[in-house]
There are 2 protein chains.
Amino acid sequence: MALPQAGMTASAPSVQTNALPMHRAGRPALPELLEGHGIAMKVRRRQRITFASSDQIYVVQSGLLVLSANAGSDRRQLLCLLYPGDVFSPAQAPPLDGIGMIAMTDCELSRLRASAFEQDQEATLLINRYIAESTSSMHARAMLHIARLSSLPSETRVAAFLLELALRLGRVSNDQVSCDLPLSRSDIADYLSLNADTLSRIMTRLKERGTIATIGRSRTIVKSVKKLCQDVPVCAATMALHAQQQLEAS
Amino acid sequence: MALPQAGMTASAPSVQTNALPMHRAGRPALPELLEGHGIAMKVRRRQRITFASSDQIYVVQSGLLVLSANAGSDRRQLLCLLYPGDVFSPAQAPPLDGIGMIAMTDCELSRLRASAFEQDQEATLLINRYIAESTSSMHARAMLHIARLSSLPSETRVAAFLLELALRLGRVSNDQVSCDLPLSRSDIADYLSLNADTLSRIMTRLKERGTIATIGRSRTIVKSVKKLCQDVPVCAATMALHAQQQLEAS
DNA sequence: TCCGAGCCTTGATAAGCATCAACTCGGCTA
DNA sequence: TAGCCGAGTTGATGCTTATCAAGGCTCGGA
C-alpha cells in the first residue's frame, strides 16, 4: 500500500495522469505505518458504500468518490468530493436520508477502525495528525464549495468546478489541461445545485466561447487555465486547495 | 475556564438560556486539561478576528461567531457558524479574500498553539480526540448546510435555519421556543444565500402563517417545533447535530 | 421625549434558472 | 456494422428570487 496516487480514470488505464501524490503541499505523507492497520477495499464505479459502523474510517488511496444524500423531495444531492489522500469517517457526514459514499471511478480504499488509534502507541500521534490535517483540509474545501454555490452565478460556478477537476485529475500540457470527467452531467448538476438541462446549456456556452472543448462525452479540455482563472473569482483559493505540488508540462 | 456554556445572548444577561453544555451528545467534554494551555480572549459583538498565524487554534467557550469571506463581486458570504465547544483553526478555512471570523455576540474564546499538542504528553491524546470530534462534527454541519442551500426552496431553508438556531440558542417552554437572533436580517441572508429583501418577505410569510412570531427586531418565537419540523425535510439531521442533550421544559 | 440613522419592510420589475417535452447523439451489443 | 438505449441537448414557458426604489419602523442618543 503506497502513497495515494492521482487521477485513476474511470474505465481504461490508457490515460495516464501525472503520478504526483494527491495531497496539498505541506501535508505530511500518509505514513506507511497505516499498513497492518487497514483493510484494503476495491470498489467499482457506481458502487455504493453505506456507513455500517461509526467506528469505521475510510482512507481514499485512489479514485474519486462522492458523499451523497437525499435532502428535500427525494432529490439526490452530492455533498462532497473525496480525493486520494482524504480520510473520511461517518462522523463527518450528517444523518440525512440515503447518506453514503458513491464511487465515481473504480477506487481503492483502506478501511480502518477509529478505535485502533486511541491507544497511545508510537505511530498514533503521526497518524492522528495526518487525519486531523485531512479533516481540516476537507472542511476548507467544504467552505469553498459553499462560497461557490452561494456567491457565484451558475456559469462561473461550473467554471470553478472544472478548474478544480482539471487541477485534481487533469493532464497538463502548456496552459492546456485535458481531463476525464468521472461525473456524468447529472452528477455535476447534483453537485453544483443546478438542473441537468441548465448545466448542459452552460457547457455548450463554455464550448462556444472557447473556454473548454470536449472529446466524446466525458473527456474535457480546458483550453487555457489562465483564462479560466480570470473568469473565476475563487481561483486563488481553488488553486491553493486543489493544485498538485507542481503542475509540470508533459 | 469551565465547560462551554450555551446561549450567551447578545447584549443583556437578562435572558438566561438553558445552561447545558453545547455539544453533541456523546462527545466527551472539553477537558479542563486545556487550562494552562490557552490564552483567554474576549471579543465584542461585531468584532473581527483575522487569522494571523496558522499555528493558532481557537476554542469557542461562549457566544456565537461566523466564518466570513468575500467571494465573487465583493459580496460578503457567511460560510459557517461557530458555536460554543467548537474548535477552529485557520486550516479549516479556505484562503478566500477577506476571510476571517466575526463575532455575532460578545464571545469568550481560548487561543491555543497547535504545536502545543504535538508532543506526546499524557493529556495530548484526549485533547486531540476532542479536537478531532469537533472538526468532524463541523464537517457534518457543513454538509448539512450544503444540503439546505442546494435542495431546499428559500422558505424551507429559512425554516431549517430557524430550527437550528432555536435548538442551539433557544429557551424552551412546552413545544414553543423563543430565542434571540444574534444575526441581523442581512447576516442571515448572507448565510442562507438569499437577498435581504427576499428574506424579509419570507419572514413575513412565516409570521402570517403562524409558524413564528417576533418581538422587537431580534427576538423570535417558534410557535411549534413539531410543526416546524414537519415543514423541514432535514429536520432529523438538524436535531441530531444541533439539539442539546435534553430539551427540558422550563 | 424627540430625533436621527440604520435596519427592516414592501411593491414593481426583470433576470436567471427550473421544468417539460421533443429530439439528437454517443457508446455498447449483437 | 446496424441498431438500440440511455445520456445529453435544445426550445418554449413559467416560477422563483434578485434588484431597485420608496417608505416605515427600532433603537440609541441628546
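To find a chain, count down the sequence lines: A is the first, B the second, and so on, and within it residues start at 1.
- Both S193(A) and A196(B) lie near DNA chain C, and the one whose nearest nucleotide falls closer to the 5' end is A196(B).
- In this model, a side-chain donor or acceptor of R217(A) finds a partner on the base of dA7(D) within 3.5 Å.
- Between the side chain of R201(A) and the base of dC17(C) there is no donor-acceptor pair of N/O atoms closer than 3.5 Å.
- Both L199(A) and S184(B) lie near DNA chain C, and the one whose nearest nucleotide falls closer to the 5' end is S184(B).
- Atom-to-atom, CD of E208(B) to P of dT10(C) comes out at 8 Å; the value is rounded to the nearest Å.
- Separating the CD1 atom of I202(A) from the P atom of dG8(D) is a distance of 15 Å, rounded to the nearest angstrom.
- One can find a donor-acceptor pair under 3.5 Å joining the base of dC20(C) and the side-chain atoms of D197(A).
- Under 4.0 angstrom from either OP1 or OP2 of dT9(C) there lies at least one side-chain N or O belonging to K207(B).
- Although no hydrogens or angles enter the test, the distance criterion places a donor-acceptor pair under 3.5 Å between the side chain of R141(A) and the main chain of L81(A).
- Relative to the side chain of R185(A), the nucleotides dT17(D), dT9(D), dC17(C) differ in distance, and dT9(D) lies closest.
- Using a 4.0 Å cut-off, some side-chain N or O of T198(A) falls inside it from OP1 or OP2 of dA18(C).
- Between the CE atom of M104(A) and the CG atom of L181(A) there is a distance of 12.0 Å, given to the nearest 0.5 Å.
- Atom pair E155(B):CD and dA18(D):P shows a separation of 14 Å (rounding to whole Å applied).
- Of the charged side-chain nitrogens involved, at least one lies within less than 4.0 Å of a carboxylate oxygen, so that R76(B) and D187(B) count as a salt-bridged pair.
- Side-chain N or O atoms of T105(A) include one that pairs as donor or acceptor with a backbone N or O of L64(A) at under 3.5 Å.
- Note on T204(B): a side-chain N or O is less than 4.0 Å away from OP1 or OP2 of dT10(C).
- The side chain of S186(B) places no N or O atom within less than 4.0 Å of a non-bridging phosphate oxygen (OP1 or OP2) of dC7(C).
- Atom pair R219(A):CZ and dC25(C):P shows a separation of 23 Å (rounding to whole Å applied).
- Regarding R75(A), its CZ atom lies at a distance of 14 Å from the P atom of dC17(C), rounded to whole Å.
- The pair R45(A)-D106(A) does not meet the salt-bridge criterion, since no charged nitrogen lies less than 4.0 angstrom from a carboxylate oxygen.
- Look at CD1 on I188(B): it is 15 Å from C1' on dT9(C), rounded to the nearest Å.
- When the side-chain nitrogen and oxygen atoms of N195(A) are compared with OP1 and OP2 of dT19(C), one or more of them lie within a distance under 4.0 Å.
- Counting non-hydrogen atoms under 4.0 angstrom, S218(A) reaches nothing in the nucleic acid.
- In this entry the distance linking CE of M203(A) with C1' of dG26(C) reads 15 Å, nearest Å.
- In this model, the phosphate group of dC8(C) is not approached by any side-chain N or O of S200(B) to a distance below 4.0 Å at OP1 or OP2.
- Distance CG (L194(A)) to C1' (dG16(C)): 11 Å, rounded to an integer number of Å.
- Remark: the S200(A) side chain and the D197(A) side chain contain no N/O donor-acceptor pair separated by less than 3.5 Å.
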